[in-house]
Amino acid sequence: RAKDAGRGVYRAYEPQLHVQAEERRVLEMALRKAIENNEMYLAYQPVVDAGTGGLTGFEALLRWTHPKLGAISPAKFIPLAEEARLIGPIGEWVLRTACAEAAQWPSHIRVAVNASPDQLQNPGFVSEVVSALAHSGLSPERLELEVTESVFMHEGLGATRTLERVLDLGVRLSLDDFGTGYSSLGYLSRTRFSSIKIDRSFVQAASKGVREAIAIIRAVVALAKSLEMATTAEGVETEAEHQMVQDLGCTKVQGYYFGRPLPVEEARTLANRWDEARAAA
Ligand code: C2E
Ligand code: MG
Ligand code: MG
Ligand code: MG
């Protein structure tokens, strides 16, 4: 916007830039202490089998409530944590907590944990996974790691090797936000993903009738099927969207229509009652 108004206007924006830098500094300092101060917790969003309607697992989503600043969105603090190189320790806490909490759920219910590129660059990541599994007693098949295509962009080979070692443990991998990055089909042949998660932006566009979005979902579903991978439609908010992604052949669904991210106790209760609740409905 400043650009449109011409060069002379830049100065007027400086105070705001300063506030942004100041806000970042404050948030970064707060972020350094967030875990030890018990300000973080995980919310769990249901992942559902599109065919049967059964609950297959939950995605762990990090939440941060600062005592003074209130709830801060992951869209804001995750990139900040990545830039400040704090995502390593935070991600390790997420992994340990998610495994420990998931170990309390019915044994057919999986947990998906998001992992940042930085974490996969760390040679110690594999032992973090081993340790989180050992401490929680969660079996490796119940853990799924969600990575985005950006993992392969920087130092791709290091990350690929880490992913291979994680796969050797029996942990599953899914490719998150598919279609939003610099998608290359090469990633799909290089690494054994169990599932491709189709980004909410495609689901939304398709539900508005955007033909390109529909064509892309169809193509991804066909590709995933031939590679024996699941396809998860993200951000399904309505019955109509559910119907559409089911018609397009997505095998799993996730979104507000099936459930918002829930506190751990509620997720556990839901997991225990899902089948009964559906039978009664
Ligand atoms: P993501 O992994 O793609 O997670 C899905 C996001 O979509 C979540 O946002 C979820 O709350 C939201 N969502 C789910 N269903 C719907 C829906 O029907 N409608 C709408 N409008 N949104 C829906 P959230 O929790 O704000 O997280 C945003 C992103 O932050 C995540 O995107 C993920 O990239 C990142 N993130 C969250 N937790 C972690 C974490 O523990 N570690 C790392 N590295 N990243 C995380
Ligand atoms: Mg995710
Ligand atoms: Mg996603
Ligand atoms: Mg996303």
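Order of listing sets the numbers, starting from 1, for every ligand and every atom in it. When a residue number appears, it is its place in the shown sequence, counting from 1. Bear in mind the structure is a predicted one, so any value in this text is a computation, not a measurement.
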*With heavy atoms of E237 as the reference, note each atom of ligand 1 found under 4.0 Å away.*
17 (C), 18 (O), 19 (N), 20 (C), 21 (N)

*Out of V48, T56, V47, which residue meets the side chain to side chain contact (heavy atoms under 4.5 Å, CB included) rule with V253?*
V48

*Which part of I78 is near ligand 1, with near meaning a heavy atom under 4.0 Å away: side chain, backbone, both or neither?*
side chain

*asked:* Once you restrict to heavy atoms under 4.0 Å, what part of V94 touches ligand 1? Side chain, backbone, both or neither.
replied: side chain

*asked:* Which atom name would you report as the N, O or S atom of E146 nearest the Mg ion (ligand 2)?
replied: OE1

*Look at R110 together with E141 and state whether they make a salt bridge at an N to O cut-off of under 4.0 Å.*
no

*Of the backbone and side-chain N, O or S atoms of D176, does one lie nearer to the Mg ion (ligand 3) than 2.8 Å?*
yes

*N114 near the Mg ion (ligand 2) via N/O/S, less than 2.8 Å*: yes

*Using heavy atoms and a threshold below 4.0 Å, how should the contact between P261 and ligand 1 be classified: side chain, backbone, both, or neither?*
side chain

With a 3.5 Å cut-off and sequence neighbours excluded, list the donor-acceptor pairs that the side chains of residues 65-80 form with protein atoms.
residue, atom, partner, partner atom, Å
H66, ND1, K68, N, 3.0
H66, ND1, L69, N, 3.0
S73, OG, A75, N, 3.0
K76, NZ, E23, OE2, 2.9

*Which of the atoms of ligand 1 are close to Q45, meaning less than 4.0 Å from one of its heavy atoms?*
14 (C), 15 (N)

*Ignoring hydrogens, just give me the one of S116, P79, A233 whose non-hydrogen atom is nearest atom 44 (N) of ligand 1.*
S116

*So how far is it from Q121 CD to T162 OG1, rounded to the nearest 0.5 Å?*
7.5 Å

*Taking the Mg ion (ligand 2) as the reference point, name the nearest N/O/S atom of E59.*
OE2

_Is it the case that the side chains of Q45 and Y256 hold a donor-acceptor pair, with the cut-off being a distance below 3.5 Å and no angle test?_
no

*Check ligand 1 against E234 and write out every atom of the ligand that is under 4.0 Å from a heavy-atom position of the residue.*
3 (O)

_Contacting atoms of ligand 1, where contact means under 4.0 angstrom from a heavy atom of R200_ = 19 (N), 20 (C), 21 (N), 22 (N)

*Side chain, backbone, both or neither: which part of L42 has a heavy atom under 4.0 Å from ligand 1?*
neither

_Need the ligand 1 atom indices (1-based, order shown) with element for anything under 4.0 Å from a heavy-atom of P74._
24 (P), 25 (O), 26 (O), 27 (O), 30 (O)

*Mark yes or no for whether W274, through its side chain, and G53, through its backbone, hold a donor-acceptor pair below 3.5 Å.*
yes

_With a cutoff of 4.0 Å, is E82 in contact with ligand 1, counting heavy atoms of the residue only?_
no

*Does ligand 1 have an atom that lies less than 4.0 angstrom from a heavy atom of R63?*
yes

*Using a heavy-atom cut-off of under 4.0 Å, does the side chain or the backbone of Q254 touch ligand 1, or both, or neither?*
neither

*Is there at least one pair of N or O atoms, one from Y256 and one from ligand 1, spaced under 3.5 Å apart?*
yes

*Once rounded to 10 degrees, what value does the angle at the Mg ion (ligand 3) take between OE1 (E234) and OD1 (D177)?*
80°

_Region of D177 engaging ligand 1 - heavy atom pairs below 4.0 Å_ = side chain

*asked:* Within the 3.5 Å criterion, strictly below it, is a donor on E239 or Y257 matched to an acceptor on the partner's side chain?
replied: yes

*Identify whether the distance between the nearest side-chain nitrogen and carboxylate oxygen of K197 and E59 falls below 4.0 Å.*
yes

*asked:* If we count only N and O atoms by modelled type, under 3.5 Å, do the side chains of D118 and S116 hold a donor and an acceptor together?
replied: no

*R25/E22 salt bridge by N-O under 4.0 Å criterion*: yes

_Exam field: side chain S136 to backbone L138, donor-acceptor pair closer than 3.5 Å_ = yes

*With sequence neighbours left out, what residues match Q243 under side chain to side chain donor-acceptor pair (under 3.5 Å)?*
D247

